[in-house]
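Step one of this worksheet: look at the structure below.
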Amino acid sequence: MLAYAAPTTVEEAVRALAGASGVAKVLSGGTDLLVQLRSGRARPDLIVDIKKIPDMSGVRERDGAFVIGASTPGAVIGECEALRQAWPGVVEAANLIGSTQIQGRATLAGNLCNASPAADSVPALIAARAICVVAGANGQREVPVESIVTGPGRTSLGRDEFIIAFHLPKRPSRSADAYLRFIPRTEMDIAVVGAAVSVTLDPGGVCSDARVVLGAVAPTALLVADAAAALIGRALDATALDGLDQAARRACKPIDDKRGTIEYRIKVAGVMARRAATIAYERAGKRQ
Ligand SMILES: Cc1cc2nc3c(=O)[nH]c(=O)nc-3n(C[C@H](O)[C@H](O)[C@H](O)COP(=O)(O)OP(=O)(O)OC[C@H]3O[C@@H](n4cnc5c(N)ncnc54)[C@H](O)[C@@H]3O)c2cc1C
């Protein structure tokens, strides 16, 4: 029989996960988990609902950096003006998930830990150098977002562990991010390709720091160092964009499916990376 626990502290939640006999699943918004329960794809013995733990939901700003509680739904993330100003790419990625109804529930932690290669918020979080705060029986640890997903449906979290928050660093001036995805329909579909770019510019408009991350073109989101290297040290000229495009294409290891062939996905990855970089540069130029 499926058991349900709704702890009110992090410690209680960790005890419930650690003490579970059989498979335990954390419940955040439930927009992936409940679908999987109904279809029989997930058959846990225990569900640990973390939404009753105080401070698990909400966005807090601390000296220009941000803490996003693990249970914060996309709708709340989108309403935080300071976060939208500092990390527009992260917010637009979070707000692309599903519909208005889904936005009322879906969280960044669920999007990450469901471990879909096409998860929209993951490339943007990695481009932002976001850090997860993970709670477990041995206390808390900080883990870069890119170290959480190990393959489709798999994470590096221990059975007693769950994410309690995300940290987004303080933005330097002249820096911004952008996330774009390509889907066959206008909404409510899974990314054929997602691209997140975060850049910092010097006063002359030359890129001094960049992160480029692709989604849906490999088993996990790809942090493409060569694509970032094509941008760093240059203004956004044709050479930089061509180098970015080629590096993005080289990194892809996509699958063929009904949404797109391997060749198509590889080509679209270059195009999405170019477009996301152009938006990130434009935004960065406006942020003093
Ligand atoms: C109609 C519909 C449209 C969708 N559209 C999109 C879309 O456009 N883009 C997209 O990326 N996704 C989409 N999704 C998938 C889903 O909405 C997202 O992945 C969402 O962000 C999941 O968050 P959640 O809080 O609902 O996760 P849940 O369903 O609560 O959990 C998902 C998984 O993560 C684990 N988990 C949850 N919270 C934690 C935590 N704090 N620590 C550790 N593990 C945790 C759960 O155990 C479970 O395995 C869609 C889903 C539906 C039903």
Side-chain angles (χ1 to χ4, degrees), residues 2 4-7 10 13-14 16-17 20 23-39 41-53 55-57 68-78 90 92-125 132-136 140-141 143 145 147-150 152-166 179-194 196 215-216 220-221 259:
L2 176 59
Y4 171 84
V10 169
V14 167
L17 290 169
V23 176
K25 282 276 186 188
V26 173
L27 175 72
S28 285
T31 61
D32 278 315
L33 188 56
L34 292 188
V35 175
Q36 290 161 11
L37 287 178
R38 289 203 178 127
S39 69
R41 268 191 296 147
R43 295 177 190 279
D45 302 286
L46 170 67
I47 286 193
V48 179
D49 183 347
I50 58 170
K51 290 191 295 300
K52 300 233 167 21
I53 303 173
D55 291 339
M56 202 57 77
S57 183
I68 303 176
S71 299
T72 312
V76 172
I77 291 172
V90 170
E92 69 198 349
N95 287 167
L96 272 175
I97 296 172
S99 56
T100 304
Q101 292 88 338
I102 296 290
Q103 282 290 307
R105 307 296 289 184
T107 65
L108 297 178
N111 197 225
L112 176 63
C113 295
N114 188 56
S116 159
D120 279 309
S121 70
V122 177
L125 287 168
C132 303
V133 183
V134 174
Q140 293 185 8
R141 62 190 181 107
V143 185
V145 168
S147 300
I148 295 289
V149 179
T150 54
R154 285 187 285 120
T155 73
S156 58
L157 297 176
R159 52 174 282 132
D160 56 316
E161 289 187 317
F162 70 107
I163 295 174
I164 58 172
F166 292 86
Y179 175 76
L180 286 178
R181 72 173 180 189
F182 178 76
I183 56 174
R185 307 190 299 175
T186 50
E187 57 184 291
M188 292 281 280
D189 208 338
I190 295 169
V192 172
V193 175
T220 63
R259 290 190 175 77

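Indexing begins at 1, ligand by ligand and atom by atom, following the structure's order. Just so you know, these numbers come straight off a predicted model, no measurement behind them.
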**Asked** Do Asp189 side-chain atoms and Ile183 backbone N/O form a donor-acceptor pair below 3.5 Å?
**Response** no
**Request:** Indicate yes or no for a side-chain donor-acceptor contact from Arg159 to the backbone of Ala20 under 3.5 Å, with no hydrogens or angles considered.
**Result:** yes
**Message:** Applying salt bridge (Lys or Arg N to Asp or Glu O under 4.0 Å), can you list everything that pairs with Asp49, at least two apart in sequence or on another chain?
**Reply:** Lys51
**Message:** Per the salt bridge (Lys or Arg N to Asp or Glu O under 4.0 Å) rule, what does the pair list look like for residues 103-112, sequence neighbours excluded?
**Reply:** none
Ligand 1: protein N/O within less than 3.5 Å of ligand N/O:
from: ligand 1; atom 1: 5 (N); to: Gly98; atom 2: N; distance (Å): 3.1
from: ligand 1; atom 1: 8 (O); to: Leu96; atom 2: O; distance (Å): 3.4
from: ligand 1; atom 1: 8 (O); to: Gly98; atom 2: N; distance (Å): 3.2
from: ligand 1; atom 1: 8 (O); to: Asp120; atom 2: OD2; distance (Å): 3.4
from: ligand 1; atom 1: 8 (O); to: Arg181; atom 2: NH1; distance (Å): 2.9
from: ligand 1; atom 1: 9 (N); to: Asp120; atom 2: OD2; distance (Å): 2.7
from: ligand 1; atom 1: 11 (O); to: Asn111; atom 2: ND2; distance (Å): 3.0
from: ligand 1; atom 1: 11 (O); to: Asp120; atom 2: N; distance (Å): 2.9
from: ligand 1; atom 1: 17 (O); to: Thr31; atom 2: OG1; distance (Å): 2.7
from: ligand 1; atom 1: 19 (O); to: Asp32; atom 2: OD2; distance (Å): 2.5
from: ligand 1; atom 1: 19 (O); to: Asn111; atom 2: ND2; distance (Å): 2.9
from: ligand 1; atom 1: 21 (O); to: Thr107; atom 2: O; distance (Å): 3.0
from: ligand 1; atom 1: 21 (O); to: Asn111; atom 2: N; distance (Å): 3.4
from: ligand 1; atom 1: 23 (O); to: Thr107; atom 2: N; distance (Å): 3.3
from: ligand 1; atom 1: 23 (O); to: Thr107; atom 2: O; distance (Å): 3.4
from: ligand 1; atom 1: 25 (O); to: Gly29; atom 2: N; distance (Å): 2.7
from: ligand 1; atom 1: 25 (O); to: Thr107; atom 2: N; distance (Å): 3.1
from: ligand 1; atom 1: 25 (O); to: Thr107; atom 2: OG1; distance (Å): 2.6
from: ligand 1; atom 1: 26 (O); to: Gly30; atom 2: N; distance (Å): 3.1
from: ligand 1; atom 1: 26 (O); to: Thr31; atom 2: N; distance (Å): 2.8
from: ligand 1; atom 1: 26 (O); to: Thr31; atom 2: OG1; distance (Å): 2.6
from: ligand 1; atom 1: 29 (O); to: Gly30; atom 2: N; distance (Å): 3.4
from: ligand 1; atom 1: 29 (O); to: Thr31; atom 2: N; distance (Å): 3.2
from: ligand 1; atom 1: 29 (O); to: Asp32; atom 2: N; distance (Å): 2.9
from: ligand 1; atom 1: 29 (O); to: Leu33; atom 2: N; distance (Å): 2.7
from: ligand 1; atom 1: 30 (O); to: Ser28; atom 2: N; distance (Å): 2.9
from: ligand 1; atom 1: 30 (O); to: Gly29; atom 2: N; distance (Å): 3.3
from: ligand 1; atom 1: 30 (O); to: Gly30; atom 2: N; distance (Å): 2.8
from: ligand 1; atom 1: 38 (N); to: Ser28; atom 2: OG; distance (Å): 2.7
from: ligand 1; atom 1: 41 (N); to: Ile163; atom 2: O; distance (Å): 3.0
from: ligand 1; atom 1: 42 (N); to: Ile163; atom 2: N; distance (Å): 2.9
from: ligand 1; atom 1: 47 (O); to: Val26; atom 2: N; distance (Å): 3.3
from: ligand 1; atom 1: 47 (O); to: Val26; atom 2: O; distance (Å): 2.6
from: ligand 1; atom 1: 49 (O); to: Lys25; atom 2: NZ; distance (Å): 3.3

**Asked** Below 4.5 Å, heavy atoms only, C-beta onward: do Leu112 and Phe166 meet side chain to side chain?
**Response** yes
**Fill in**
Quick note, side-chain hydrogen bond (donor to acceptor under 3.5 Å, both in side chains) partners involving residues 25-36, not counting sequence neighbours, are Asp32-Asn114, Gln36-Asn114
